[in-house]
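Because only heavy atoms are used, hydrogens play no part in the values below, and waters and symmetry mates are left out as well, while side chains stay in.
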Amino acid sequence: MAERVLVVGGGIAGLLAARRHARRGAVVTVLESGPGWGGRVSPVRVAGLTLDAGAESFATRTPAVEALVRELGLGGSLVAPTRAPAWVVTPDRSYPLPTTGWLGIPTRPLHHEVRRIIGWGAAAEAALERSRPLGEVADDATVGSLVRARLGVRVADLLVAPVLQGVYSRPLDELPLAAIDPTLPQQLRDAGSLLALAERRRRLAPAGSAVLGLEGGVWRITAALADSAREAGVRLVVATSADSAQRRDGAWHVHAGGGTLVADTLVLAVPQPEAQRLVPELLVPPAGRTVALATLVLRAPELDGAPRGTGVLALGGVTRAKALTHATAKWRWLRRRADGRHVVRLSYAVTDPDEDLLACALADANRLLGVDLPPDRVLASTLVEWPDASPGAVRDRRPLPGLELVGAAAGLSGLASIAGAETPGT
């Protein structure tokens with residue numbers, strides 16, 4: 001009798017796991033509580049445009065996502081973003097980030113782009129980092145502790161913090177280096193210095209780009225993956241939530257949709273709080289932050305020249321938003337489809353579930369982009385919230401018999417991490 005596998009969660013992690021099990025001969029069912037597939041890699045319609053509701057690019061630090069894209073027949077749609085610097089806006093200054101960097105770490109600290117931001121003294125201090133012994137690097141060392149100790153406070157606060165806090169929604173001192181890539185602590189030990197590591201990683205970035213996207217949006221990956229899972233024999237069920245799960249008599253009994261499903265293996269591909277609700281015996285970290293993405297479609301000729309590049313990172317509470325992506329400046333395909341309109345996306349850390357974030361989105365966009373657009377320039381807007389956006393690491397991904405944790409449930413975030421976990425060796 002074939003193994004019965006039940007996957008709860010129809011995002012990219014759940015679909016990948018479902019397809020993997022089906023290809024080895026299991027009978028697989030996927031339950032998705034929402035109306036469609038993709039989770040944080042899904043589409044949203046705004047002003048006649050189909051945009052990404054969550055991730056709009058993927059990191060190229062491993063080949064796993066690109067390999068998946070090509071396997072799914074989407075290789076011809078791969079695109080690199082426009083090569084323009086991101087900007088940083090603080091309460092008293094605005095500046096473009098140096099183009100010679102990796103995750104904000106300047107590979108050339110004495111370059112004029114770096115000196116203009118942090119000053120001669122801090123640049124000279126950072127440049128000497130190669131000559132100092134690295135010392136011991138703990139597996140759980142934070143980015144904040146490493147960068148401040150090795151490269152100085154100004155590099156950490158003015159260059160690295162804007163980049164990483166905008167991506168991971170955590171202060172540098174709460175962001176382990178391993179959360180970016182589990183292999184980075186050992187890579188740092190091998191390189192012997194942060195600057196050497198940054199240079200090495202920058203050289204490895206395909207075509208000089210740290211991220212890639214897809215024409216039409218990266219949501220197309222999960223749409224194609226759902227089709228591939230069906231072809232492998234996976235049964236996909238939407239609009240059906242799992243209410244509870246118990247293990248008895250050597251199997252998992254999951255109550256969902258008014259009935260009970262029995263599985264030999266239960267795969268959880270949901271946020272960690274949801275995983276613990278279903279299986280209370282799980283020991284997972286506290287829930288991560290909820291992130292909201294506000295998308296505005298604007299009539300704004302003032303932005304035709306992309307005055308703040310492809311995006312802006314906010315520091316020092318200058319806006320309620322922590323970052324802004326000028327999507328029509330970043331992606332040429334979207335600029336063509338927008339037909340003269342501009343699409344910007346602001347990201348927020350949700351602290352009050354009742355707060356109307358769309359009400360402050362235009363003012364935040366004006367401040368970050370250095371323009372003064374009136375309300376009638378907003379043609380359409382939408383807000384999407386993603387809970388547990390920065391899950392904590394889970395050491396044991398199979399803590400109970402017949403239970404498998406993938407994606408957010410396993411503490412993974414980002415397409416590169418999730419796809420890499422399904423492709424050993426990447």
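- Closest of all the heavy-atom pairs between Pro162 and Val88 is CB-CG2, 3.8 Å.
- Residues Pro271 and Arg40 form a side-chain contact, since some pair of their non-hydrogen atoms from C-beta on lies under 4.5 Å apart.
- The neighbour count for Asp339 CG, taken as heavy atoms of other residues, nucleotides or ligands under 6.0 Å away, does not exceed 12.
- Smallest separation of non-hydrogen atoms from Leu78 and Leu214: N-CD2, 3.8 Å.
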Subject >> Glu215 and Arg336: CA distance, side-chain angles, deciding distance, salt bridge (charged side-chain N to carboxylate O under 4.0 Å, His left out) verdict >> reply: CA-CA 11 Å; Glu215 182 163 352; Arg336 292 193 299 269; 3.3 Å; yes

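- Judged purely by atom type and a 3.5 angstrom limit, Arg341 uses its side chain to pair as donor or acceptor with the backbone of Ala338.
- Using a 4.5 Å cut-off on side-chain heavy atoms (C-beta onward), Val7 and Leu31 make no contact.
- A distance-only check finds no donor-acceptor pair linking the side chain of Arg108 to the backbone of His111 [under 3.5 Å].
- Side-chain N/O atoms of Gln187 and Arg201 include a donor and acceptor closer than 3.5 Å.
- Val114 is listed as a side-chain neighbour of Leu159, based on a closest heavy-atom distance under 4.5 Å.
- Of all heavy-atom pairs spanning Ala18 and Val234, the tightest one is O-CG2, 3.6 Å.
- Between Leu346 and the options Leu296, Leu358, Leu293, a side chain to side chain contact (heavy atoms under 4.5 Å, CB included) holds for only Leu296.
- Applying the salt bridge (charged side-chain N to carboxylate O under 4.0 Å, His left out) test to pairs two or more places apart or on separate chains, those with a residue in residues 350-372 are Arg320-Glu355.
- Taking the side chain as every heavy atom from C-beta outward, Tyr95 and Leu158 approach each other to under 4.5 Å.
- Between Val30 and Leu6 the shortest side-chain heavy-atom distance does not fall below 4.5 Å.
- Scanning all heavy atoms of the two residues, the minimum distance from Thr50 to Pro43 falls at CG2-CB, 3.8 Å.
- With sequence neighbours left out, Arg20 forms a salt bridge (Lys or Arg N to Asp or Glu O under 4.0 Å) with Glu404, Glu422.
- A distance-only check finds no donor-acceptor pair linking the side chain of Glu385 to the backbone of Ala292 [under 3.5 Å].
- Between the side chain of Ser33 and the backbone N or O of Ser241 there is no donor-acceptor pair closer than 3.5 Å.
- The number of heavy-atom neighbours closer than 6.0 Å to CD of Glu136, taken from other residues, nucleotides and ligands shown, is 12 or below.
- The side-chain heavy atoms of Leu172 and Thr142, taken from C-beta on, include no pair separated by under 4.5 Å.
- A donor-acceptor pair shorter than 3.5 Å can be found between the side chains of Glu3 and Thr265.
- Here CG of Leu194 is found 9.0 Å from CZ of Arg132. Values are rounded to the nearest 0.5 Å.
- Residue pairs satisfying the salt bridge (charged side-chain N to carboxylate O under 4.0 Å, His left out) criterion with at least one member in residues 293-313, sequence neighbours excluded, are listed as follows: Glu302-Arg377.
- For the pair Arg148 and Asp173, the salt-bridge criterion is met [side-chain N within less than 4.0 Å of a carboxylate O].
- Residues Leu188 and Leu134 are in side-chain contact: their nearest non-hydrogen atoms beyond the backbone lie under 4.5 Å apart.
- In this structure, the side chains of Val344 and Thr325 stay at 4.5 Å or more apart for every pair of heavy atoms.
- Put simply, the side chain of Glu129 gets close to the backbone of Leu195: a donor and an acceptor are under 3.5 Å apart.
- With hydrogens and angles disregarded, a donor-acceptor distance shorter than 3.5 Å links the side chain of Trp219 to the backbone of Gly216.
- For Arg345 and Asp52, the salt-bridge test fails: no basic side-chain N is under 4.0 Å from an acidic carboxylate O.
- Checking side-chain atoms of Thr310 against main-chain N and O of Ala86 turns up no donor-acceptor pair under 3.5 Å.
- Considering OG of Ser193 and CG of Leu128, their distance stands at 11.5 Å, rounded to 0.5 Å.
- At a threshold of 4.0 Å, the pair Glu199-Arg130 counts as salt-bridged, since one of the basic side-chain nitrogens sits closer than that to a carboxylate oxygen.
- Of the possible polar contacts, none joining the Thr222 side chain to the Leu225 backbone as a donor-acceptor pair under 3.5 Å is found.
- Considering CG of Leu268 and CZ of Arg277, their distance stands at 10.5 Å, rounded to 0.5 Å.
- Using a distance-only test at 3.5 Å, with no hydrogens or angles considered, a donor-acceptor pair links the side chain of Arg115 to the main chain of Leu110.
- Salt-bridge check for Arg189 with Asp139: passed, with a basic side-chain N closer than 4.0 Å to an acidic carboxylate O.
- Of the charged side-chain nitrogens involved, at least one lies within less than 4.0 Å of a carboxylate oxygen, so that Glu71 and Arg19 count as a salt-bridged pair.
- Panel note: side chain Trp331, backbone Ala80; no donor-acceptor pair is recorded below 3.5 Å.
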